[in-house]
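Take a look at the structure set out below.
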There are 2 protein chains.
Amino acid sequence: MKKVTINSVASYAGVSKKTVSRVLNNEPNVSDATREKVLKVFKELDYTPNPIARGLAQNRSFIIGCLYDNPSKSYITRVQTGALAACHEHNYNLLIHPCELRGEELISNIEQLLQTSRLDGIVLTPPFSDFAELVTFLKSKKIPYARVASAVLEDDSISVRSNDEQGAFEITEHLIKLGHKEIAFIKGHPDHSATEQRFKGYRRALATNGIEFNERLVEEGNFSYHSGVDSARTILDLSPRPTAVFASNDYMAAAVLKLATQMQLKVPDDISIAGFDNAPIARHIWPGLTTIAQPVEEMTHQAVTQLISHISEPQESPYQVTLEAKLITRESTAAIK
Amino acid sequence: MKKVTINSVASYAGVSKKTVSRVLNNEPNVSDATREKVLKVFKELDYTPNPIARGLAQNRSFIIGCLYDNPSKSYITRVQTGALAACHEHNYNLLIHPCELRGEELISNIEQLLQTSRLDGIVLTPPFSDFAELVTFLKSKKIPYARVASAVLEDDSISVRSNDEQGAFEITEHLIKLGHKEIAFIKGHPDHSATEQRFKGYRRALATNGIEFNERLVEEGNFSYHSGVDSARTILDLSPRPTAVFASNDYMAAAVLKLATQMQLKVPDDISIAGFDNAPIARHIWPGLTTIAQPVEEMTHQAVTQLISHISEPQESPYQVTLEAKLITRESTAAIK
DNA sequence: CGACATTATGACACCGGTGTCAGCTTTGAA
DNA sequence: TTCAAAGCTGACACCGGTGTCATAATGTCG
């Protein structure tokens with residue numbers, strides 16, 4: 001089986017390379033007759049253009065980088081799924097780049113990534129979506145980027161988010177409507193903008209419903225299961241014990257559930273527990289967690305799609321969208337007795 | 001900031017492109033003086049070779065594809081971690097390719113992937129590691145590949161696995177030593193070779209310890225949480241109820257635990273439960289699952305490393321290694337009363 | 001010291017596409 | 001009918017590296 005290049009197609013079809021290239025790229029100024037002739041040869045010879053040669057000529061790689069640092073494997077996978085789908089739709093490839101760095105090191109790490117992999121664009125997922133230094137750096141290097149789930153809306157960048165504040169508001173209000181007034185809250189990682197957003201939603205729900213905010217019911221977590229265990233220990237030892245706990249994500253909520261169970265507390269009879277994210281664990285444990293589902297794949301898909309179209313033809317108006325998060329009620333929350 | 005190409009380096013250093021290229025690739029036949037001179041210019045100009053141009057010239061992409069289809073996000077992430085690390089060490093990139101297809105469609109899907117992305121090699125993870133048609137196809141196309149966690153050992157391919165059969169044997173024997181004789185077993189997905197291996201280990205442990213194998217205690221699962229729920233329902237309704245359940249992975253084990261808890265059974269007092277894989281959920285639930293930990297990252301890392309070195313210089317003897325799996329005991333298993 | 005092997009270097013084509021531009025053909029308006 | 005504008009096509013250089021081969025410089029041995 002011989003290699004089929006643009007040259008073989010050209011000579012086989014009796015036209016020049018350039019004309020073949022025109023057909024490939026759907027350029028105008030090719031007669032219908034010629035176009036069809038070439039397209040037929042494509043099929044006959046089973047020709048696929050070489051993206052590497054193309055990349056060299058156009059100084060592009062057709063690769064989008066995806067930057068993340070998230071303890072939740074399911075979140076990562078969902079991000080990848082959405083990003084991959086968008087990439088495939090436009091014949092791009094996705095390069096994943098998990099990354100634990102911060103500050104200076106982060107920048108130089110990304111710089112190296114850009115140097116060696118020649119990315120055409122980069123998708124930032126939390127917590128990188130809101131890292132000002134990184135965004136500034138990318139802007140200065142003129143690397144197209146898109147931000148997923150960022151809280152800060154700049155005027156000139158692609159950004160697709162979901163409404164964390166509103167989601168937190170709704171789930172807190174759900175607890176309040178069940179009669180809970182003593183609702184503990186576990187914060188997420190301080191680097192994530194979602195942490196602040198979810199906290200705001202919690203406080204707004206309390207305020208809206210005339211419940212006084214109590215500092216003592218708030219614990220600092222970092223989204224990890226482990227941090228949830230620590231926070232849970234403090235919260236469950238409070239006296240009087242709060243009747244509900246809203247953890248900023250499902251892993252921490254699962255930790256609360258585990259500890260409560262170990263302490264012989266019945267969930268939701270003795271205490272209600274709510275999470276956030278609708279991670280798989282939320283339905284893998286008993287009782288299932290009431291939580292907030294976000295359209296992660298959809299967000300990432302939109303972000304990457306916009307990023308790619310921005311790369312091909314820079315737009316003026318940045319694409320900025322906020323998608324809805326949805327309350328999912330399961331067995332871990334119930335009316336107070 | 002201007003682009004630094006091999007031409008700028010060459011003229012700046014006062015040598016030809018080719019000489020620069022020689023230095024880049026550590027080729028012989030360059031005098032020490034010249035080499036150092038060029039290396040210095042590399043630093044001064046902060047030069048990084050363009051992998052795309054390189055790829056075009058050498059007909060390579062420096063991209064390894066990673067094929068998987070696995071319900072466990074944590075497994076996928078671990079595979080990616082190991083593969084990425086190995087790729088970075090050798091200046092390769094990793095292209096992930098989740099893939100739900102089988103048979104004909106799978107082959108044509110992979111064919112397209114190879115066409116459009118020009119992969120230099122491909123890592124197969126379960127269940128693809130043991131798909132004969134796929135392996136045959138890759139061999140016929142002369143695409144280098146490596147197999148992770150495959151059960152079948154061919155003579156001529158790179159393969160890194162862990163000992164599933166032995167792991168299953170050990171965990172079953174662990175239950176037996178705790179006094180269990182009625183040990184139910186939930187099988188995995190029939191497409192995965194691990195399914196058969198784990199089942200074998202289970203039976204060998206029974207046989208070794210003089211316990212008669214009982215067909216009625218075996219349920220067919222498919223590694224998904226959901227399938228675990230179905231199998232658990234059947235098993236927990238048996239009478240007499242088995243005193244222990246060994247599920248082929250942790251998700252199914254978690255499902256058994258959930259159902260048992262819903263049925264007011266105490267784990268491990270009323271029934272012991274064991275899993276396999278040491279997925280995060282194994283320690284996120286209460287009681288924590290006794291399970292088998294495999295060095296997934298290590299396996300993938302070795303597989304990719306070997307694959308890359310095979311690409312650069314094909315070896316005669318295939319690299320075939322079996323790593324050890326390790327028993328991890330948690331609270332979900334206990335001595336029978 | 002001369003013949004020959006070895007090492008060091010560069011000229012140039014090539015990988016497989018795209019960009020530029022010139023030249024020919026067709027179209028359409030005056 | 002005429003001529004400018006628009007449509008179509010191909011020649012050729014170029015993207016940034018590597019492979020081949022010729023040639024110059026250096027080393028080796030009888």
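Naming convention: chains lettered A, B, ... in sequence-line order (proteins, then strands); numbering from 1 in each chain. Keep in mind that the numbers below use all heavy atoms, side chains included, and drop hydrogens, waters and symmetry copies.
- In this structure the side chain of Gln302(B) reaches within 4.5 angstrom of the side chain of Leu323(B), judged on heavy atoms.
- Neither OP1 nor OP2 of dT9(C) sits under 4.0 Å from any side-chain N or O of Asn29(B).
- For Arg102(B) and Asp69(B), the salt-bridge test passes: some basic side-chain N is under 4.0 Å from an acidic carboxylate O.
- Taking only side-chain nitrogens and oxygens, Thr34(A) never comes nearer than 4.0 Å to OP1 or OP2 of dC8(D).
- Here Tyr47(B) reaches the OP1 or OP2 of dG17(D): one of its side-chain N or O atoms lies under 4.0 Å away.
- Where Lys17(A) and Pro28(A) each meet DNA chain D at their nearest nucleotide, the meeting point lying more 5' is that of Pro28(A).
- Set against dT9(C), dT18(C), dG16(C), the side chain of Lys18(A) has dT18(C) as its closest nucleotide.
- Taking atom CG of residue Asn26(A) and atom P of nucleotide dC8(D), one finds them 14 Å apart after rounding to whole Å.
- The phosphate of dG10(C) (OP1 or OP2) has a side-chain N or O of Thr19(B) nearer than 4.0 angstrom.
- Ser157(B) and Ser159(B) form no side-chain donor-acceptor contact under 3.5 Å, judged by distance and modelled atom types alone.
- With a 4.5 Å cut-off on side-chain heavy atoms, Leu114(A) and Phe137(A) count as touching.
- Rounded to an integer number of Å, the gap from Leu56(A) CG to dG17(C) C1' is 8 Å.
- Regarding contacts with the backbone of dG17(D), every side-chain N or O of Ser21(B) stays at 4.0 angstrom or more from both OP1 and OP2.
- Between Arg22(A) atom CZ and dT9(D) atom P there is a gap of 8 Å when expressed in whole angstrom units.
- In terms of position on DNA chain C, the residue among Ala57(B) and Val15(B) whose nearest nucleotide sits closer to the 5' end is Val15(B).
- Rounded to whole Å, the distance from CZ on Arg60(A) to P on dC14(D) is 22 Å.
- As rounded to whole Å, 16 Å separates atom C1' of dC14(D) from atom CD1 of Ile52(B).
- Between Ser16(A) and the phosphate of dA11(D), there is no side-chain N or O to OP1/OP2 separation shorter than 4.0 Å.
- As rounded to whole Å, 14 Å separates atom P of dC14(D) from atom NZ of Lys3(B).
- Proximity note for Thr5(A) (side chain, C-beta onward) versus dG16(C), dT18(C), dT9(C): the nearest is dG16(C).
- At dT18(D), one or more side-chain N or O atoms of Asn25(B) fall inside 4.0 Å of OP1 or OP2 (strictly under the cut-off).
- Among the heavy atoms of the strands lying under 4.0 Å from Pro49(B) are primed sugar atoms or P, OP1, OP2 only; no base atom is included.
- Between Ile6(A) atom CD1 and dG17(C) atom C1' there is a gap of 6 Å when expressed in whole angstrom units.
- When the nucleotides dT18(C), dT18(D), dG10(D) are ranked by their closest atom to the side chain of Leu24(B), dT18(D) comes out on top.
- Between His88(A) and His97(B), the ring-plane angle classifies as tilted under the 30° and 60° cut-offs.
- Residue order along DNA chain C, read from the 5' end via each residue's closest nucleotide, puts Ser31(B) first among Ser31(B) and Glu27(A).
- We find that CG of Asn50(B) is positioned 17 Å from P of dG17(C), with the value rounded to whole Å.
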Start with the C-alpha gap between Arg78(A) and Thr300(A), add the side-chain angles, then the distance that decides, and say whether side-chain hydrogen bond (donor to acceptor under 3.5 Å, both in side chains) holds.
-> CA-CA 8 Å; Arg78(A) 295 181 69 188; Thr300(A) 323; over 6 Å; no

